[in-house]
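All residue numbers in this chain count up from 1 along the given sequence.
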Amino acid sequence: MSVSQGCLCCVKYLMFVFNLIFWLGGCGLFGVGVWLSFTQAEFSSLPLSFPSLSAANLLLVAGGITMVTGFLGCLGALKEQRCLLFMFFMILLLLVLIEVILVLVIHILHDKLDSNAQGELKEGMKIYKSEPGLKKSWDNVQKMFKCCGVTNKTDWYDVLNGTLPSSCCSVGTDQCVDGWSEPCYQKARQWLLDNIPSVLVFGVCIGVVQILALVFSMLMYCQIRCAEKYLG
C-alpha cells in the first residue's frame with residue numbers, strides 16, 4: 001500500500017467515525033426535542049414563542065438536519081465519492097454558518113426577541129374565553145409553574161374584565177382574587193434554563209465534531225482527487 005493510499009484510508013475511517021458521532025449527536029438532539037414536545041404537550045395550543053415550545057421545535061429541526069447530514073457524511077466516506085463529500089462539506093459549512101449567525105442573533109437581540117414573544121403571548125390571551133384549547137393550555141401552564149399572566153398577573157385584567165382565571169390560584173379555588181405573583185414567561189424560561197445545560201454542553205461538543213468533520217471531508221476530497229490524478 002502506497003503512502004497516499006494509507007493516508008486516504010486513515011482519513012476515510014477517521015471521517016466515518018466523526019460522522020457517526022455527528023449522526024448519534026443528531027439522534028440525541030432529536031430525542032431531547034421529542035421529550036420536550038411530549039412534556040409540553042399540555043401547552044400545545046399556546047403560540048410557538050412560548051420558551052419551552054420554541055426550544056422543542058428548534059431541537060427537532062436541528063436534530064433532524066444533523067442526522068441527515070451525518071448519514072450523508074458516513075456514506076460519502078465509505079463510498080469515497082467526491083460528489084457526496086463535496087455536497088456534505090457544503091451542507092455542513094452552511095449549517096455551521098447558520099448556527100453561528102443564530103447564536104449571535106440570540107445573544108445580541110435576546111431582549112427584543114423576549115419582548116416580541118411576550119407580545120405574541122399577550123395577544124393570544126385575548127381569545128382565552130372563546131378558544132377552549134388555548135384556555136386549557138393557559139390553565140395547565142399556570143397550574144404547573146404556579147404563575148399568572150405573561151409578564152404580570154395584571155395581564156388578565158383586560159381579558160377577563162378585571163378578574164383572574166381560577167388557574168392563577170391554588171387548586172380548588174373557584175374564584176381567584178390574589179393570584180400567583182410570578183409571571184409565566186420568566187418561570188417557563190427559568191425552567192428551560194435549569195433543564196437544558198447538559199444539552200448546551202452536548203451542542204458545543206457537536207459543534208467541535210462539525211468543525212473536525214469539515215476538515216476531514218476536505219482532506220478526503222483532496223486525497224481522492226490526488227489518487228484519481230495519479231491513477232489517471
Please report the closest heavy-atom contact between [X] and [Y], naming both atoms and the distance.
| X | Y | result |
| --- | --- | --- |
| C147 | V141 | SG-O, 4.0 Å |
| L92 | Q210 | CD2-O, 3.5 Å |
| Q142 | S167 | NE2-OG, 2.7 Å |
| W138 | L121 | CZ2-O, 4.2 Å |
| D114 | Y185 | OD1-OH, 2.7 Å |

Check: Does the side chain of M90 come within less than 4.5 Å of F86's, by heavy atoms?
Finding: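 In contact.
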Margin query: Counting C-beta onward and ignoring hydrogens, is there a side-chain heavy-atom pair between C169 and L164 closer than 4.5 Å?
Written below: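 No - every pair of side-chain heavy atoms lies 4.5 Å or more apart.
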Notebook entry, point to check: Should V159 and W156 be marked as a side-chain contact (heavy atoms from CB on, under 4.5 Å) after you check the CA-CA gap, both sets of side-chain angles, and the distance that decides it?
Noted result: CA-CA 5 Å; V159 180; W156 287 111; 4.2 Å; yes
Next item on the list: Could you check K153 against W180 for side-chain contact (heavy atoms from CB on, under 4.5 Å), going step by step and ending with a plain yes or no?
Entry: CA-CA 7 Å; K153 61 185 177 183; W180 310 110; over 6 Å; no
Quick one: [atom1] on [X] to [atom2] on [Y], what's the gap to the nearest 0.5 Å?
| X | Y | atom1 | atom2 | value |
| --- | --- | --- | --- | --- |
| L93 | I98 | CG | CD1 | 10.0 Å |
| F88 | L214 | CZ | CG | 6.5 Å |
| Y128 | K136 | OH | NZ | 13.0 Å |
| E99 | T66 | CD | OG1 | 6.5 Å |

Next item on the list: Give the C-alpha distance, both sets of side-chain angles, the deciding distance and a yes or no for side-chain contact (heavy atoms from CB on, under 4.5 Å) between Y157 and T163.
Entry: CA-CA 6 Å; Y157 290 167; T163 61; over 6 Å; no
Notebook entry, point to check: SG to SG, are C148 and C184 under 2.5 angstrom apart?
Noted result: no
Same apolar cluster: [X] and [Y], side chain cutoff 4.5 Å:
| X | Y | answer |
| --- | --- | --- |
| V68 | I91 | no |
| L59 | V103 | no |
| L72 | L94 | no |

Notebook entry, point to check: By disulfide (SG to SG under 2.5 Å), which residues pair with C74, not counting sequence neighbours?
Noted result: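 Counting only residues at least two positions away or on another chain, C74 forms no disulfide (SG to SG under 2.5 Å).
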Check: Taking atom CG of N152 as the centre, does the number of heavy atoms from other residues, nucleotides or ligands within less than 6.0 Å exceed 12?
Finding: yes
Next item on the list: Check step by step if side-chain contact (heavy atoms from CB on, under 4.5 Å) holds for T151 and K122.
Entry: CA-CA 9 Å; T151 56; K122 286 179 182 179; 3.1 Å; yes
Next item on the list: Could you tell me whether a side-chain N or O of K187 sits under 3.5 Å from a main-chain N or O of F145, the two making a donor and an acceptor?
Entry: yes
I'd like a table of donor-acceptor pairs (distance under 3.5 Å, sequence neighbours excluded) in which one partner is a side-chain atom from residues 14-31, with atom names and distances.
unit_1, atom_1, unit_2, atom_2, d
N19, ND2, M15, O, 2.8

